[in-house]
2 protein chains.
Amino acid sequence: MSAKEENTLPMGMFMDLERSGPIPLYFQVSQRIEKAILSGELPAGSRLENEVALGQRLGLSRPTVRRAIQEIVDKGLLVRRRGIGTQVVHGQVTRKVELTSLYDDLTNTHKVPSTHLLTLENRVADAKTAERLSVAEGSPTLYIRRVRLADNVPVAVMENWLPEEFIGIEPSDLVAHGLYQVLRSRGVTMRVARQHIGARKSTNEESALLEIEKNSALLTMDRTAFDNSGRAVEFGQHCYRPDLYSFEVTLVEK
Amino acid sequence: MSAKEENTLPMGMFMDLERSGPIPLYFQVSQRIEKAILSGELPAGSRLENEVALGQRLGLSRPTVRRAIQEIVDKGLLVRRRGIGTQVVHGQVTRKVELTSLYDDLTNTHKVPSTHLLTLENRVADAKTAERLSVAEGSPTLYIRRVRLADNVPVAVMENWLPEEFIGIEPSDLVAHGLYQVLRSRGVTMRVARQHIGARKSTNEESALLEIEKNSALLTMDRTAFDNSGRAVEFGQHCYRPDLYSFEVTLVEK
DNA sequence: GACCTGATATTGTCAGGACAATTGGCCAAA
DNA sequence: TTTGGCCAATTGTCCTGACAATATCAGGTC
């Protein structure tokens, strides 16, 4: 009745692993499997070679192979079932929400991003900002307000507050690169972010900036991002044109 | 200059592990650590005992302890740094987006959910539905349209399409329980879901159902859910009152 | 005092093995 | 034909051991 697609594919011969390089073996393997899935070499429903055999064929231990597979399971591309094996999930694949800025998102989708910088100034933290950034109320912070455009069409109005140490960021940096790129170039690596996604009506000013009707629906996102050491490095309040931007989330039950 | 909070807490003595029970050891450990963080026993910024020592103290191997810690890192509550140790992240903790229905969300926040069933009927799949559910166009499907209320205030209008095998679900099931509860009781376990979150204006009918002004902003979410075997079991188009509902997402960079 | 250097601590990666739990199919018995 | 039980396949969990990479810190040298 049901097409079970029991084909255990040989999955090419990706034996060329870089054993001495800095890239972990499990990562090399997971990348190749993911690529094979996305390219269609491993079609939806097909079974992956079992962990032990795959390990022997690649000259890797089972934990390493297992970790590689787990990476892809966490992305929602594979499903493992005890006693059965590991299968490629059905359904078309979509990109997962990741810790990226809008700038990265746009370049990934081959649109040309640009920035209209509205405000770049020092501000003392009010109660809300202080709480979100975990700094004392009244501390100096850097306030940024920008309009983001994709192919010269306005997509989002973005407000950001950064802690004291980033005071000194130049307007030219923000116009040429995304905020996250600027932060990375200053040695900051974002590690955890908490986002809140909602909706509301646009103000008249926002309508004008985004070139939409007054009282339109806006998609909003608040985000606080933390670096390696758990310190808050960015707090942002963004609003997006819902006809041009939306969020994709892939959830995997464990 | 920076308060480094170097306290390596003893973290109580949770030596009472159930070694013969069905609950994995790593899960028991991760649960207790998570509880200690949420309860404030392990304050933000404090360092966790190192993996080797923790393993010795609990009588566990390092991989087991490591996996327990990794679970919490994936939830965004801990950050590990090589050469340094593992620390509790700063910032208040929020609940993560999980694979749950609105019904579950509401009961978890101690509100009283109820349902107003608008439509429950068989429909043949149109092109969009067929593609999302991976069935043939024209196949029979079950169509459900409901208004969800929390404490008797309307929160969302939800449309769902289910594949043929679920035809037979009774109105009484849907009024008494959430859709996901009904599916679980029929032996279906959701495993992967792809969500699309956006915004738009409300129609007049939706405004009336949700008891809001005409042309209000709505938060929308489309979802396709897949079960263990990767088969699509639900496709839904929902819209929420943005003043009563929003999405929280915690992202962790790996 | 400033800077380099090495020791130490801690997590990251990988190997190899062992047993448990679950699923599906085969085969025999009713 | 149907039902039940046994067996093989596969993933889940856990252990021990080893070495690599990276950050901190103390100490010595200039």
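Quick caveat, the model's predicted, so the values are computed rather than measured. In the text below, chain A, chain B and the rest are named by the order of the sequence lines, each starting its count at 1.
When distances are taken from the side chain of B:Arg80 to each of C:dT13, D:dT10, C:dG12, the shortest belongs to C:dG12.
Residue-to-nucleotide proximity on DNA chain D shows that, of A:Pro63 and B:Arg82, the 5′-proximal contact is made by A:Pro63. Residue A:Ile23 is the one, among A:Ile23 and A:Gly83, whose nearest nucleotide of DNA chain C lies closer to the 5' end (criterion: closest heavy atom).
Taking 3.5 Å as the limit, the base of C:dG12 and the side chain of B:Arg62 contain a donor-acceptor pair of atoms between them.
Remark: A:Thr64 is in phosphate contact with C:dA15, judged by side-chain N or O atoms under 4.0 Å from OP1 or OP2. Regarding contacts with the backbone of D:dT10, every side-chain N or O of A:Thr86 stays at 4.0 angstrom or more from both OP1 and OP2. Residue A:Tyr26 has a polar side-chain atom (N or O) positioned under 4.0 Å from OP1 or OP2 of C:dT13.
The distance between atom CG of A:Leu60 and atom C1' of C:dG17, rounded to the nearest whole Å, is 16 Å. A straight line from CD of B:Glu51 to C1' of C:dC14 spans 15 Å, rounded to a whole angstrom. Between B:Ile84 atom CD1 and D:dA23 atom P the separation is 7 Å, expressed in whole Å. The distance from atom CD of A:Gln56 to atom P of C:dA15 is 13 Å, rounded to the nearest whole Å. A:Arg67 has its CZ atom 12 Å from the P atom of C:dA15, to the nearest Å. Taking atom CD of B:Glu18 as the reference point, atom P of D:dT13 lies 17 Å away to the nearest angstrom. Rounding to whole angstrom units, CD of residue B:Gln28 and P of D:dT13 are separated by 12 Å. Atom-to-atom, CG of A:Leu25 to P of D:dC19 comes out at 17 Å; the value is rounded to the nearest Å.
Looking at B:Ile69 and B:Glu51, their side chains come closer than 4.5 Å, going by heavy atoms from C-beta outward.
Remark: the backbone N or O of A:Ile23 is paired with a side-chain donor or acceptor of A:Gln28 at under 3.5 angstrom.
No hydrogens or angles considered: a donor-acceptor pair under 3.5 Å links the side chains of B:Thr224 and B:Arg132.
Residue contacts shown for A:Arg66 include a base, since a base heavy atom lies under 4.0 Å away. At a threshold of 4.0 angstrom between heavy atoms, the contacts of B:Pro24 are confined to the sugar-phosphate backbone, with no base atom among them.
Between B:Glu234 and the choices B:Phe166, B:Tyr180, B:Trp161, the side chain to side chain contact (heavy atoms under 4.5 Å, CB included) rule is met once, by B:Tyr180.
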Exercise. Checking side-chain contact (heavy atoms from CB on, under 4.5 Å) for the pair A:Leu179/A:Leu162: CA distance, chi angles, key distance, verdict?
Worked result: CA-CA 10 Å; A:Leu179 176 58; A:Leu162 303 180; 4.0 Å; yes
